[in-house]
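Worksheet: the structure to be examined is printed underneath.
Both ligands and their constituent atoms are indexed starting at 1 by order of listing.
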Amino acid sequence: MTATSKWLTTAGMYALAVVIAGPLYADVSIDDIKNDATTVDDVVTNGLGTQGQRYSPLKQVNKENIANLVPAWTLSLGGEKQRGQETQPLVKDGIIYITGSYSRVWAVDSHTGREIWEYDAKLPEGILPCCDVVNRGAALLGDKVFFGTLDAKLIALDAKTGKVVWKKEIDDFKAGFAYTAAPLIIDTKAFGPIIVTGVSGGEFGIVGRVEARRPDNGELVWSRPTIEGHVGMLGGKPSTMTGTLNETWPGDMWKTGGGSTWLGGTYDADTHLIFFGTGNPAPWNSHMRPGDNKWTSSRIAIDPETGEIKWGYQATPNDGWDYDGVNEVVSFDLNGRKAAATADRNGFFYVLDRTNGKFISGTPFVEKITWAKGIKPDGRPDYDPAFRPGDPKAAADGKKGKSVYVTPGFLGAKNWMPMAYNQDTKLFYVPSNEWGMDLWNEPVTYKKGAAFLGAGFSMHPTFEDHIGALKAIDPATGKIVWQYKNKAPLWGGVLTTASGLVFFGTPEGDLKALDATTGEELWHFNTGSGVVGSPITWEQDGEQYIAVVSGWGGAVPLWGGEIAKSIERLNQGGMLWTFKLPKKTAAN
Ligand code: CA
Ligand code: CA
């Protein structure tokens, strides 16, 4: 055998070995999901664990060496559909799964960045997304990838091929329903693993609900409406009514009551409870629906075995400011107490007892809040009536109620972008925005598929030099330990690590790393478009990787008003970026 042919034979064998050992698909078990927060070689849930702490035990990338962090590879999401990339990647067995704008999904080789397959839901005409064409991530189980679409379908794809295994209609997109959240997969005694999802559409007078389905065929297991008076489903039959009819809603207003569950949920195995937040009551004009309007602008805990509400906490009763209470409920240990924290659009950071929903504390995390003077010991807000927009019926022309300037603005002290909790510093890292709005009420009647607001608004920054502010909050005291200001509004998720780092993206295009203890900036990298996605980290072949999807968009450029000035020069995009430390060179 000549040297050349021997070389060819070896190369041929090597190629064969790569084919056999190469990426097939991420085979995710229910135990992988249960253990996700502590296993460093994969990220198989939204939130790096179902509790949603977004905390990684990895320490290889640390304060001393992060200055050396460099890109490993990138992947363009392609097409002309480049906007609003709010996803969080998932990774296992050498494959990354990401979703993108316009309801698309990719499987990507995590070693090379090469695309394995792409699925495009090819949306119909007439979809009604309120707040850009975003998708916030997929879920994995077995050999399937699950995600929801802007035309309100829940789809299971074959993880190997990207082909549709099953597709279920969540509801009628022509009525305003859509789906943008990452589904949640958990285990139950009664049904085995279930996929838990919500609905978007609170600006169209839909009724919010949380639903569980079977992963193998998408069949409905249970459904729980968030609005009092509506009846749930269990085992294919009507189950129980949510609340008591007309207790906190007048007349027929509950029938189009909102309370959408558009951000998805978290799950805590210690209490075996699913936590969901609920959006604004519909319409925005609060004078049309006197009462607390349960369970809108609230947090609810649901029993996964029955779909029953075990407890609820309403952050903004009779909400008149679009203070959706959808923000994630993150379980954590508060000096031995089973607590959960949630940073509300209304500007207050809440700590609750997650076993029973009991209010522990509610403290402001943005400045100059006006709609409430504070949170009373019983957990209800201390409203300032001067900052409730007036009833249009009281206006001379009956068309425009008294306008008020209120802080925070409706886009929220914190919007969808998820915070992180670090188990070592015991701090929450909350991406927040400092802004207010002019807000007034108008008459409105419900019409299927039409915006059901009864309000007009205009957003304004609170300060000249910044809108965004990443805040480190001590949940034991509610004190802000440090803050990192950013000129443009923050709109992406946060990641924190055991090595004392905090990662987050900015609309200006940077992925940044801060010192988790001091807030000092240690590293940044410009990704070429605004970062509104959520970063992850995992270990692969002994190296720590960090990944984030870049691509400016989301609600801010659509609804920004005067704040658009801080963002008008930002470019669209769609790119998956991965980073790692360089391998030592031969010279070393
Ligand atoms: Ca993991
Ligand atoms: Ca809303």
Using a strict 4.0 Å threshold on nitrogen-to-oxygen distance, state whether Lys153 and Asp151 make a salt bridge. yes

I'd like to know if Lys294 and Glu228 make a salt bridge, using a cut-off of under 4.0 Å between side-chain N and carboxylate O. no

Residues Thr87 and Asn135: side-chain donor-acceptor under 3.5 angstrom: no

In terms of side-chain heavy atoms, does Ser458 have a donor or acceptor partner in Glu562 at a distance below 3.5 Å? no

Mind checking whether the Ca ion (ligand 1) has an N, O or S of Asp42 under 3.0 Å? yes

Within a distance under 3.0 Å of the Ca ion (ligand 2), the protein atoms of type N, O or S are Glu203 OE2, Asn280 OD1, Asp322 OD1, Asp324 OD1, Asp324 OD2

I'd like to know if the Ca ion (ligand 1) has an N/O/S atom from Thr39 within less than 3.0 Å of it, counting both backbone and side-chain atoms. yes

Note: Asp344-Arg299 ion pair, threshold 4.0 Å (strictly below): yes

Please determine if Arg354 and Asp270 form a salt bridge, counting it only when a charged side-chain N lies under 4.0 Å from a carboxylate O. yes

Is the distance between the Ca ion (ligand 1) and the nearest N/O/S atom of Asp41 smaller than 3.0 Å? no

What's the spacing between Gln544 CD and Glu539 CD if we round to 0.5 Å? 7.5 Å

